Amino acid sequence: METIIKKAGALKPLPDDSDLAFGTIFTDHMFNMDYDPDNGWHSPRIEPYGSFPMDPSTMVLHYGQSIFEGLKAFKAPGDRIQLFRPEENFRRFNRSARRMCIPELDEEFALKAGKELVRLERRWVPSAPGTSLYIRPTMIAMDPFLGVRASYTYRFFIILSPVGAYYKEGFNPVKIWVTEKYVRAVPGGVGEVKTAGNYAASLYAGEEAHENGYTQVLWLDGVERKYVEEVGSMNIFFVIDDEIITPELSGSILAGITRDSVIALARKWGYPVTERRISIDEVVEAHGVGRLQECFGSGTAAVISPVGEIKYKDKKLKIGDGKVGSWARKFFDAITDIQYGRAEDTEDWVHPVE
Ligand code: COI
């Protein structure tokens with residue numbers, strides 16, 4: 001299948017790299033492709049970025065049959081552009097598609113399309129420290145229909161956004177709020193899927209966190225409300241007695257690619273790293289006796305995000321001395337050095353965009 005390229009007539013002015021936020025600016029072009037049962041995935045095209053018409057009855061608007069991914073293109077020395085483990089994103093995209101009854105894509109083709117778009121938009125890859133070009137592949141149900149079933153037609157699109165830090169704190173400790181009242185996902189549900197509804201479901205508890213001065217919600221398991229799951233925009237790690245602990249992939253948390261990279265590096269460096277159930281009580285107890293050394297999150301958008309405080313019930317667990325901890329720093333440096341081409345890609349994680 002050949003991707004048709006229709007270039008934009010006038011190009012947008014580039015933003016100033018040094019004041020990029022997250023997800024507010026979009027580039028000149030986007031990738032689009034459609035699915036219907038007779039033609040399968042067809043008509044791949046790169047065209048000017050813009051809105052597309054949707055019937056008010058379009059199924060995605062009503063029943064949320066929608067999935068997405070998030071990955072980044074980085075500017076490396078010598079003006080090279082590189083992607084970080086993109087094949088993992090497209091593999092997970094197809095896993096999400098299966099679970100949400102969306103027809104799967106040819107992963108190689110989708111990755112090639114993403115690279116082609118980034119190549120065309122290379123002037124948009126920012127170079128200021130900590131910035132990158134965020135890539136958002138998305139698939140949505142397009143049938144104009146109000147009955148509840150899987151749609152027959154779909155749109156796959158990729159948009160690009162030059163970004164800075166995800167949290168306003170940047171690479172500084174964030175405060176997280178453990179909600180006791182709400183849950184994000186349950187076993188057998190769609191917690192491990194990158195689907196729109198998971199994020200919608202998280203908003204109410206997020207507001208509660210913000211009203212209390214916290215950046216994000218730390219979710220507990222949906223059954224016992226006892227075991228730590230994830231933060232919603234990132235996976236979570238604890239360091240207790242020099243052991244790096246992260247909740248196991250139970251089916252209700254996202255299998256983060258940055259999470260996997262942290263685990264791979266920790267193993268390579270010979271540090272004890274365990275994927276297991278960890279209860280919030282264990283975290284509180286470890287903190288109480290001074291054994292909780294660090295806590296940090298990991299995610300594509302969030303990269304490595306140190307956690308400086310956890311609020312649970314009436315307890316405020318202050319972690320570290322208000323500064324970035326040494327483990328978070330170590331993983332942040334190692335991962336970003338590979339992403340930005342400052343260190344050798346010993347793990348074969350980087351894909352050049354020629
Ligand atoms: C990412 O880390 O890329 C995400 O998708 C999280 C988020 C911005 C919702």
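Keep in mind the model is a prediction, meaning the values are calculated, not measured. Remember, it's 1-based here, ligands and their atoms both numbered in the order they're listed.
Scanning all heavy atoms of the two residues, the minimum distance from Ala205 to Trp219 falls at CB-CH2, 3.6 Å. For the residue pair Gly64 and Thr195, the shortest heavy atom distance occurs at O-OG1, 3.9 Å. The two residues Pro15 and Leu20 come nearest to each other via the heavy atoms CG-CD2, 3.8 Å.
With a heavy-atom cut-off of 4.0 Å, Met234 does not touch ligand 1 at all. With a heavy-atom cut-off of 4.0 Å, Lys72 does not touch ligand 1 at all.
Shown in contact with Arg136 at under 4.0 Å from a heavy atom are these atoms of ligand 1, numbered in order with element: 5 (O). Residue Phe68 approaches ligand 1 through these ligand atoms, each under 4.0 Å from one of its heavy atoms: 5 (O).
The cationic atom of Lys12 (NZ for Lys, CZ for Arg) lies less than 6.0 Å from the six-membered ring centre of Tyr49 and within 45° of the ring axis.
With hydrogens left out, the protein atom closest to atom 4 (C) of ligand 1 is Lys194 NZ, 3.4 Å, a heavy atom. The closest protein non-hydrogen atom to atom 2 (O) of ligand 1 is Ala301 N, 2.8 Å. The nearest protein atom to atom 9 (C) of ligand 1, hydrogens excluded, is given as Tyr199 CE2, 3.5 Å; this is a heavy-atom distance. When only non-hydrogen protein atoms are considered, atom 8 (C) of ligand 1 lies nearest to Tyr166 CE1, 3.6 Å.
Some N or O of Tyr134 is nearer than 3.5 Å to an N or O of ligand 1, by distance alone.
For the residue pair Thr153/Asp143, the side-chain donor-acceptor check at 3.5 Å is satisfied.
At a threshold of 4.5 Å between non-hydrogen side-chain atoms, the residues Leu117 and Thr27 do not count as touching.
Paired with Tyr312 under the rule side-chain contact (heavy atoms from CB on, under 4.5 Å), one option of Leu218, Ile176, Asp281, Leu317 passes, and it is Asp281.
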